[in-house]
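Chain naming here is simple, since letters A, B, ... match the order of the sequence lines and numbering starts at 1 in each. Both backbone and side-chain heavy atoms feed into the values below; hydrogens, waters and symmetry mates do not. Values in this document were obtained by computation on a predicted structure and should not be read as measured data.
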There are 2 protein chains.
Amino acid sequence: MVTNFDKKNFIKNFKANCKKIQVKNFIKGETVTTYIEKRNQICIVLSGEVDLIRYDFNGNKTIIGHFVENDIFGEVFYPANTNNELFVTAIKKSEILFFTYDTLFEKCEYECAFHKELINNLSELFIDEIIGLNLRIELLTKRSIREKLLSYFEILSKSSMNKVFTIPYTYTDLADYFSVDRSSLMREIKMLTDEGFIKKEGTKITLLY
Amino acid sequence: MVTNFDKKNFIKNFKANCKKIQVKNFIKGETVTTYIEKRNQICIVLSGEVDLIRYDFNGNKTIIGHFVENDIFGEVFYPANTNNELFVTAIKKSEILFFTYDTLFEKCEYECAFHKELINNLSELFIDEIIGLNLRIELLTKRSIREKLLSYFEILSKSSMNKVFTIPYTYTDLADYFSVDRSSLMREIKMLTDEGFIKKEGTKITLLY
DNA sequence: ATAAAATTGTTGCATTTGCAACAGATTTCA
DNA sequence: TGAAATCTGTTGCAAATGCAACAATTTTAT
């Protein structure tokens, strides 16, 4: 992960009334934004968690993105020609920073530090986002649930430098992240357990190889 | 697509000996770069086409990325902890621009225009990359090959504003892009044809609904 | 504290997909 | 231009996955 900008220090310094950037608070369940118009809006999660949700033509709901602290999201990142209704909902109390990409580089009349720092750090936020998307693609392109799980466990194990680690999702959410049926995911985890590859206590996994 | 920087004009102006950025040429089959060390390297395809290839522990080769003119790629976009051997091969004569993210923002001693313009346009290149990745994820997360195909066709149709369009890949590559078996893809296309949803002549598709 | 909601765990069965294998068509390259 | 390589099209069969359904457990909200 490329260094994240120091959010807390930023907010502390974000005193001037910067018209280019807004910070809003949301309670659980509130709609943060919709991806309907082409405003080139970009958002950053300062705290809390939000889901990007798609309702397809049948009315089926799919969570297609999940964003936590320091994640960046927004309609500017989505291809224009998909006919989906996308919207973002806070799944807990959240603080979200909004700006319009097109006007971000215009000078803020108060020359606010927050605004300047944001521009300086934007590339790193983009890079982090790209890394996250590439990781997910890496997993999505594995041909079987077993391969997805083993690759994912490998990554969690390496980044914690430990054979023991905790999956940062519920199994329901993990199935969504992998885009597979939840019961099939549970079945495969059971098989990995029965075959002695892993030990499982809740979402705490131990690699046995 | 966010506006791409005017590459041709750039190269014309790229006269000064900018040490921060390099342009190299590759013939078909040549290795462009490997993702082994952590140099924070970023590359842009000025012309030609390259593939990002993974060899897994069994020696199986998978094309995990395909980049064409104006696409951006590089080790900086890949999570550090995946134990893959990744490398990039030119699949035709290609001209590639290289730079190191960490040193990009340092001033070039010759203040070359190319260097400056690159910095100015970097955000837009990142955004284009994110859009492309989100599009692929959108398709990869569809649960069946049929859904993948119909969504993809929808997008191609909308962006060409026509019921008739040409798939910009071979079917072999499209199967890779969807991460599905090629013969299964062909079978599904045949079924869509037989059921009267589409008409197919080579990679030229007509939507019949 | 308790009711409601969400998550986990499991199974049988239907469906989809992958795999292997091959022939024919098309493209590439020497 | 002719040989080699790649791509297309197809099929039978095995394996993996999705779907549906339900009970048990855990978490959340009032």
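Atom-to-atom, CZ of B:Arg143 to P of C:dA14 comes out at 21 Å; the value is rounded to the nearest Å. One atom, CG of A:Leu149, and another, P of D:dA16, lie 14 Å apart when rounded to the nearest Å.
If one axis is set at each end of the helix from C:dA1-D:dT30 to C:dA30-D:dT1 from five pairs, those axes are 80° apart, to 10°.
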Review item, nucleotides 24-26 of chain C N/O atoms under 3.5 Å of protein N/O:
none

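Taking every heavy atom of residues 177-184 of chain A and every atom of DNA chain C, pairs under 4.0 Å involve A:Arg182, A:Ser183, by number. Proximity of residues 200-209 of chain A to DNA chain C (heavy atom under 4.0 angstrom from any strand atom) is restricted to A:Lys200. Contacts between residues 186-194 of chain A and DNA chain D, defined by a heavy-atom separation below 4.0 Å, involve A:Arg187, A:Glu188, listed by number.
Side chains of B:Leu122 and B:Phe99 form a contact here, defined as non-hydrogen atoms less than 4.5 Å apart.
Partners of B:Asp181 according to the side chain to side chain donor-acceptor pair (under 3.5 Å) rule, which considers only residues two or more places apart in sequence or in another chain, are B:Ser183, B:Ser184. Not counting sequence neighbours, the partners of B:Arg143 by the side-chain contact (heavy atoms from CB on, under 4.5 Å) test are A:Asp176, A:Ser179, B:Glu147. Looking at residues two or more places apart in sequence or on another chain, you find a side-chain contact (heavy atoms from CB on, under 4.5 Å) between B:Asn25 and B:Glu95. Taking A:Lys24 as the reference, A:Gln22, A:Phe26, A:Phe98 meet the side-chain contact (heavy atoms from CB on, under 4.5 Å) condition, with sequence neighbours excluded. In this structure B:Lys163 satisfies the side-chain contact (heavy atoms from CB on, under 4.5 Å) test together with B:Leu207, sequence neighbours excluded.
Comparing C:dC19, C:dT7, C:dT17 against the side chain of A:Thr170 picks out C:dT7 as the nearest.
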- Query: Can you give one letter per nucleotide of nucleotides 25-30 of chain D, 5' to 3': B if a protein heavy atom sits under 4.0 Å from the base, S if only from the sugar-phosphate, - if neither?
  - Reply: ---SS-
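A donor-acceptor pair under 3.5 Å links the side-chain atoms of A:Ser157 to the main chain of A:Asn162, judged by distance alone.
Between A:His66 and A:Tyr169, the ring planes lie perpendicular to each other; the angle is over 60°, past the 30° to 60° tilted range. The aromatic rings of B:Tyr152 and B:Phe178 lie perpendicular to each other, with more than 60° between the two planes, well past the 30° mark.
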Using distance only, find each side-chain donor-acceptor pair of residues 189-199 of chain B under 3.5 Å and give its atom names and separation, not counting sequence neighbours.
unit_1, atom_1, unit_2, atom_2, d
B:Lys190, NZ, B:Asp194, OD2, 3.2
B:Thr193, OG1, B:Ile189, O, 2.8
B:Glu195, OE1, B:Arg146, NH1, 3.0
B:Glu195, OE1, B:Arg146, NH2, 3.4
B:Glu195, OE2, B:Arg146, NH2, 3.1

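When the side-chain nitrogen and oxygen atoms of A:Thr172 are compared with OP1 and OP2 of C:dT8, one or more of them lie within a distance under 4.0 Å.
Atom CG of residue A:Asn121 and atom CD1 of residue A:Ile72 lie 10.5 Å apart, to the nearest 0.5 angstrom.
Around atom NZ of A:Lys200, more than 12 heavy atoms belonging to other residues, nucleotides or ligands sit under 6.0 Å away.
Nearest-nucleotide positions on DNA chain C for A:Tyr171 and B:Arg146 put A:Tyr171 closer to the 5' end.
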